[in-house]
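These notes are about the structure you will find just below.
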Amino acid sequence: MYAEERQQAIAVEVGERGRVSVADLSERFSVTGETVRRDLAALQRAGSLVRVHGGAVRLDVAAVVDEPDLAEREGARRTQKAAIGAAAQQFLPAAGGAVLFDAGTTTFAAATAIGADARHQFVTNSLPIAATLTALPRSNVIFVGGRLRPKTQASVGADACDLLAGLHTSVGFIGTNGLTLTDGLSTPDIDEAAVKRAMIAACDRVVVLADSSKINRQELVTFGAVADIDALVTDDGVDPGLASALSSHDIEVVIA
């Protein structure tokens, strides 16, 4: 079956069922999950469906799956996140360098691992991370203001993006809800995606901090391509094949 025929068949199935999964489509058409994801991406660009985590839904039933609360996310995979946070310290610049922290529980783990003698200019849109970094006596913190999302305690919106557009940092620690080879970095929320894009643009070096549950996962809104990533810090549960593929794209992969 040609790609066009397969995509037409997928579109018909979504129209009839309302929702399809990558796993089911992969088995039905005897193709890989990555092939199915490419098909779904093409159909979304054509306006035939909306991609969601694990598959796609019909346009009239499209909805973003509700994100877990911050407290719930903090309790998940705590050991892996702590290890990732500790491993991320190797990417800190020399004293005096500017460091950006995206909001998130894994980036929070990296912030809490910084030693008290650190001398940096920190930038963040996360209330918990800002509170942690302001306790470092030899460093300064710029809080990226804007509309505060209660669910993530992150500031978002046009004001946040405008402030980031005027900043330049040596390294940025970026969190993500999903990372795939074909679709890059993604998150469920449009406003958070916009801020993350602005953060990536403000960094000389982008270090993605993500536990292995986020790998080979696609969320609703893409905010960065694989080409935007300089390094990935993850845990030993990561798919070895994907880790190797990311390395072939000149991405430094660190297993915490």
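In what follows, residues are counted from 1 in the order of the sequence shown. Computed from a predicted structure; not experimentally measured.
Distance alone, capped at 3.5 Å, places no donor-acceptor pair between the T222 side chain and the S186 backbone. Here the side chain of Q153 pairs no donor or acceptor atom with the backbone of S126 at under 3.5 angstrom. A side-chain donor-acceptor contact under 3.5 Å links T134 to the backbone of A131. Here the side chain of S26 pairs no donor or acceptor atom with the backbone of V22 at under 3.5 angstrom. In this structure, the side chain of T169 does not engage the main chain of G172 through any donor-acceptor pair within 3.5 Å. Although no hydrogens or angles enter the test, the distance criterion places no donor-acceptor pair under 3.5 Å between the side chain of S48 and the main chain of A11. Using a distance-only test at 3.5 Å, with no hydrogens or angles considered, a donor-acceptor pair links the side chain of T180 to the main chain of D183. With hydrogens and angles ignored, the 3.5 Å screen pairs no side-chain donor or acceptor of S244 with any backbone N or O of P240. Distance alone, capped at 3.5 Å, places no donor-acceptor pair between the D39 side chain and the Q7 backbone. Here the side chain of E27 pairs no donor or acceptor atom with the backbone of D24 at under 3.5 angstrom.
Under a hydrophobic-cluster definition in which Ile, Leu, Val, Met, Phe, Trp and Tyr are linked whenever side-chain heavy atoms come within less than 4.5 Å, directly or via other members, I215 and I84 are assigned to different clusters. In terms of hydrophobic clustering, with Ile, Leu, Val, Met, Phe, Trp and Tyr side chains grouped at heavy-atom distances under 4.5 Å, L92 and F108 are assigned to a common cluster. Each of V233 and L181 belongs to its own hydrophobic cluster when Ile, Leu, Val, Met, Phe, Trp and Tyr are linked at side-chain heavy-atom distances under 4.5 angstrom. The cluster map of Ile, Leu, Val, Met, Phe, Trp and Tyr, joined by side-chain heavy atoms under 4.5 Å apart, puts V253 and L185 in the same cluster. If you chain together hydrophobic residues whose side chains sit under 4.5 Å apart, V36 and L43 fall into the same group.
Within the 4.5 Å cutoff, the side chain of D204 has no heavy atoms near those of the V171 side chain. Considering only heavy atoms from C-beta on, I10 stays 4.5 Å or farther from V12 through its side chain. Annotation: side chain of F101 is not in contact with side chain of N125 (no heavy-atom distance under 4.5 Å). The side-chain heavy atoms of V99 and Q121, taken from C-beta on, include no pair separated by under 4.5 Å. Put simply, the side chain of T176 does not reach to within 4.5 Å of the side chain of K196, judged on heavy atoms. Side-chain contact check for E34 versus N216: some heavy-atom pair is nearer than 4.5 Å. With contacts defined as side-chain heavy-atom distances shorter than 4.5 Å, the pair I174/I229 does not qualify. The side-chain heavy atoms of D230 and V207, taken from C-beta on, include no pair separated by under 4.5 Å.
For the atom pair S155 OG and L164 CG, the distance stands at 8.0 Å (nearest 0.5 Å). Here L232 contributes atom CG and S247 contributes atom OG; the two are 9.0 Å apart, rounded to the nearest 0.5 Å. Note that CG of D239 and OG of S212 are 10.0 Å apart. Values are rounded to the nearest 0.5 Å.
Residue Q8 places its CD atom among 12 or fewer non-hydrogen atoms of other residues, nucleotides or ligands, all under 6.0 Å distant. No more than 12 heavy-atom neighbours from other residues, nucleotides or ligands sit within 6.0 angstrom of CZ on R119.
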Using the side chain to side chain contact (heavy atoms under 4.5 Å, CB included) rule, take R78 and D211 through it: C-alpha gap first, then chi angles, then the decisive distance, then the call.
CA-CA 10 Å; R78 188 186 299 271; D211 70 75; over 6 Å; no
Test salt bridge (charged side-chain N to carboxylate O under 4.0 Å, His left out) applied to R205 and E252, step by step:
CA-CA 11 Å; R205 194 175 194 194; E252 182 179 355; 3.1 Å; yes
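Between E4 and R6 there is no salt bridge, since no side-chain N of the basic residue sits under 4.0 Å from a carboxylate O of the acidic one. With salt bridges taken as basic N to acidic carboxylate O contacts below 4.0 Å, none links R138 and D117. Salt-bridge check for R149 with D191: failed, with every basic side-chain N at 4.0 Å or more from each acidic carboxylate O.
There is no side-chain donor-acceptor pair under 3.5 Å between N140 and H120. For the residue pair K81 / T105, a side-chain donor-acceptor distance below 3.5 Å is found, with atom types taken as modelled. Side-chain contact of T187 with N177: a donor-acceptor pair under 3.5 Å is present, judged by distance alone. Side-chain contact, T152 with E192: a donor N or O sits under 3.5 Å from an acceptor N or O. A side-chain donor-acceptor contact under 3.5 Å links T35 and T32.
Put simply, the residue from D102, V156, V123 that forms a side chain to side chain contact (heavy atoms under 4.5 Å, CB included) with V144 is V123. Here the options are T106, I129, L100, L209, the test is side chain to side chain contact (heavy atoms under 4.5 Å, CB included), and the partner is F173; only L209 passes.
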